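Please read all numbers here as calculations on a predicted model, not as lab measurements.
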Amino acid sequence: MSNGSSITEFLLLAFADTRQLQLLHFWLFLGIYLAALLGNGLILTAVVCDHHLHSPMYFLLLNLSLLDLGSISTTVPKAMANSLWDNRAISYSGCASQVFFFFFSISAEFYLLTVMSYDHYVAICRPLHYGTLLGSRACVHMAAAAWGSGFLHAVLHTASTFSLPLCKGNAVDQFFCEIPQILKLSCSDAYLREVGLLVLSACLVFGCFVFIVLSYGQIFRAVLRIPSEQGQHKAFSMCLPHLAVVSLFVSTGMFACLKPPSISSPSLDLVVSFLYSVVPPAVNPLLYSMRNQELKNALKKLIQSAVSQQH
């Protein structure tokens with residue numbers, strides 16, 4: 001196999017060799033996937049149906065749920081099918097599609113989390129200017145910028161990665177196609193262009209992270225100056241879910257990228273990739289619905305309405 005054009009399929013890393021463990025992994029992934037579909041689906045439905053949630057903050061949360069659904073739907077169904085049918089193969093085009101949609105989803109999601117931190121900053125630190133700085137048009141433009149930036153990044157990285165000559169086989173040491181594992185199959189020195197793009201992306205992500213940290217520094221200073229305990233509680237209930245989602249997203253992603261090569265192994269890489277690609281989309285709805293009272297009320301009304309219609 002002298003180049004990528006001669007490769008028609010890739011072989012993904014299997015979770016287990018025995019049939020019993022393969023089926024166990026299938027049911028585990030199915031449970032997580034259904035939980036992610038249910039949680040994000042409920043948030044989407046609540047935001048769309050409840051007019052009390054027609055605000056910039058919940059519009060951004062709706063976009064976050066869409067990206068979470070896209071992210072987990074890119075990786076988990078294929079992993080489930082491979083475990084169920086005892087098959088490791090994924091087509092060349094299927095692998096490229098996984099790389100594109102996964103990179104698009106996580107890139108756009110992080111940019112969206114950055115926009116959400118700005119929304120919280122304006123709501124708490126500059127409430128009198130909220131309508132001016134974050135009107136419906138500005139909110140749509142910022143969400144579109146997050147989606148567009150994610151799309152542009154995904155196009156650049158996917159095109160760069162799959163234009164490389166691949167001369168080290170077709171076995172990917174991961175349960176889904178991701179760029180670092182594809183780069184391991186490329187010929188020596190041919191991957192430096194894509195590494196440069198990854199470094200540029202890392203710099204942009206770091207810039208967004210610094211913006212989020214600075215925003216929350218200002219937010220917590222403003223919250224601690226609020227005289228009433230009820231006002232502080234309301235501010236924290238708005239910010240803490242977002243902060244928890246950012247922390248989960250960043251910590252799992254940073255560990256995946258920065259873990260020392262000395263402790264790297266296929267099994268550890270498998271666990272780490274599971275943590276950053278599967279866990280956040282499934283857990284994010286829970287983090288938001290636990291702390292946000294308005295969202296909890298909307299979900300209760302939604303469930304009560306569905307139950308009353310059945311009776």
Side-chain angles (χ1 to χ4, degrees), residues 39-71 104-154 204-205 207-220 222-223 226 231 234-250 280-281 284-285 287-299 301-302:
N40 287 290
L42 283 173
I43 287 179
L44 288 171
T45 308
V47 173
V48 170
C49 296
D50 194 324
H51 69 276
H52 293 105
L53 302 184
H54 290 178
S55 67
M57 184 178 84
Y58 292 106
F59 171 75
L60 295 174
L61 181 56
L62 179 146
N63 281 266
L64 182 68
S65 292
L66 284 173
L67 289 169
D68 278 337
L69 286 175
S71 172
F104 164 62
S105 298
I106 63 171
S107 299
E109 181 165 339
F110 192 68
Y111 294 135
L112 191 69
L113 289 170
T114 307
V115 172
M116 292 174 80
S117 71
Y118 176 70
D119 170 74
H120 294 157
Y121 164 77
V122 175
I124 293 173
C125 299
R126 306 185 66 183
L128 298 179
H129 300 90
Y130 188 82
T132 306
L133 296 174
L134 268 171
S136 57
R137 181 176 294 181
C139 192
V140 169
H141 286 167
M142 285 191 289
W147 285 76
S149 299
F151 179 82
L152 181 61
H153 270 85
L204 291 172
V205 167
C208 291
F209 178 70
V210 170
F211 180 85
I212 292 172
V213 170
L214 292 177
S215 297
Y216 271 100
Q218 297 294 320
I219 287 170
F220 286 132
V223 169
I226 297 176
K234 183 177 181 181
F236 277 126
S237 67
M238 178 173 67
C239 294
L240 288 181
H242 176 260
L243 198 56
V245 169
V246 171
S247 300
L248 179 65
F249 191 91
V250 171
N284 287 354
L287 293 174
Y288 268 101
S289 59
M290 276 173 50
R291 295 288 307 182
N292 192 300
Q293 193 60 46
E294 287 183 320
L295 188 58
K296 282 197 285 189
N297 292 337
L299 289 172
K301 286 196 294 183
L302 186 66

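- The nearest pair of heavy atoms linking Ser105 to Leu67 is CB-O, 3.9 Å.
- The line from CG of Leu112 to SG of Cys208 is 11.0 Å long, rounded to the nearest 0.5 Å.
- The nearest pair of heavy atoms linking Ser107 to Gly150 is CB-CA, 3.9 Å.
- Within the 4.5 Å cutoff, side-chain heavy atoms of Asn284 are placed close to those of Glu109.
- Note that CG of Leu243 and OG of Ser215 are 11.0 Å apart. Values are rounded to the nearest 0.5 Å.
- Scanning both residues, Pro56 and Tyr130, for their nearest heavy atoms gives CB-OH, 3.4 Å.
- Using cut-offs of 30° and 60° on the angle between ring planes, the pair Tyr118 and Phe211 is tilted.
- Using a distance-only test at 3.5 Å, with no hydrogens or angles considered, a donor-acceptor pair links the side chain of Asn40 to the main chain of Pro281.
- Interatomic distance, Phe209 CZ to Leu214 CG, rounded to the nearest 0.5 Å: 10.0 Å.
- The backbone N or O of Thr114 lies less than 3.5 Å from a partner atom in the side chain of Ser117, making a donor-acceptor pair.
- The 12-atom threshold is exceeded at CZ of Phe220, counting heavy atoms of other residues, nucleotides or ligands nearer than 6.0 Å.
- The only member of Asp50, Thr45, Leu44, Ile43 that meets side chain to side chain contact (heavy atoms under 4.5 Å, CB included) when paired with Val47 is Ile43.
- Between Phe151 and Phe104, the angle of the ring planes goes over 60°, which puts this pair in the perpendicular group of the 30/60° scheme.
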Residue pair Tyr111, Met142: steps toward the side chain to side chain contact (heavy atoms under 4.5 Å, CB included) verdict: CA-CA 9 Å; Tyr111 294 135; Met142 285 191 289; over 6 Å; no

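- In this structure the side chain of Phe59 never reaches within 4.5 angstrom of the side chain of His54, judged on heavy atoms.
- Between Cys239 and Ile124 there is a side-chain heavy-atom pair separated by less than 4.5 Å.
- For the atom pair CG of Leu113 and CG of Asp119, the computed distance is 12.0 Å after rounding to the nearest 0.5 Å.
- Distance alone, capped at 3.5 Å, places no donor-acceptor pair between the His120 side chain and the Ile219 backbone.
- Checked against the 6.0 Å centroid threshold, Tyr216 and His242 count as a close aromatic pair.
- Looking only at side-chain heavy atoms (C-beta outward), Arg126 and Gln218 stay at 4.5 Å or farther from each other.
- Considering CG of Leu61 and CE of Met116, their distance stands at 5.0 Å, rounded to 0.5 Å.
- By the 4.5 Å heavy-atom criterion applied to side chains, Ile212 and Tyr121 are not counted as neighbours.
- Shortest non-hydrogen contact noted between Pro280 and Leu248 is CA-CD2, 3.7 Å.
- His52 NE2 to Asn297 CG: the interatomic distance, rounded to the nearest 0.5 Å, is 10.0 Å.
- Considering all non-hydrogen atoms of both residues, Leu53 and Ala46 come closest at CD1-O, 3.7 Å.
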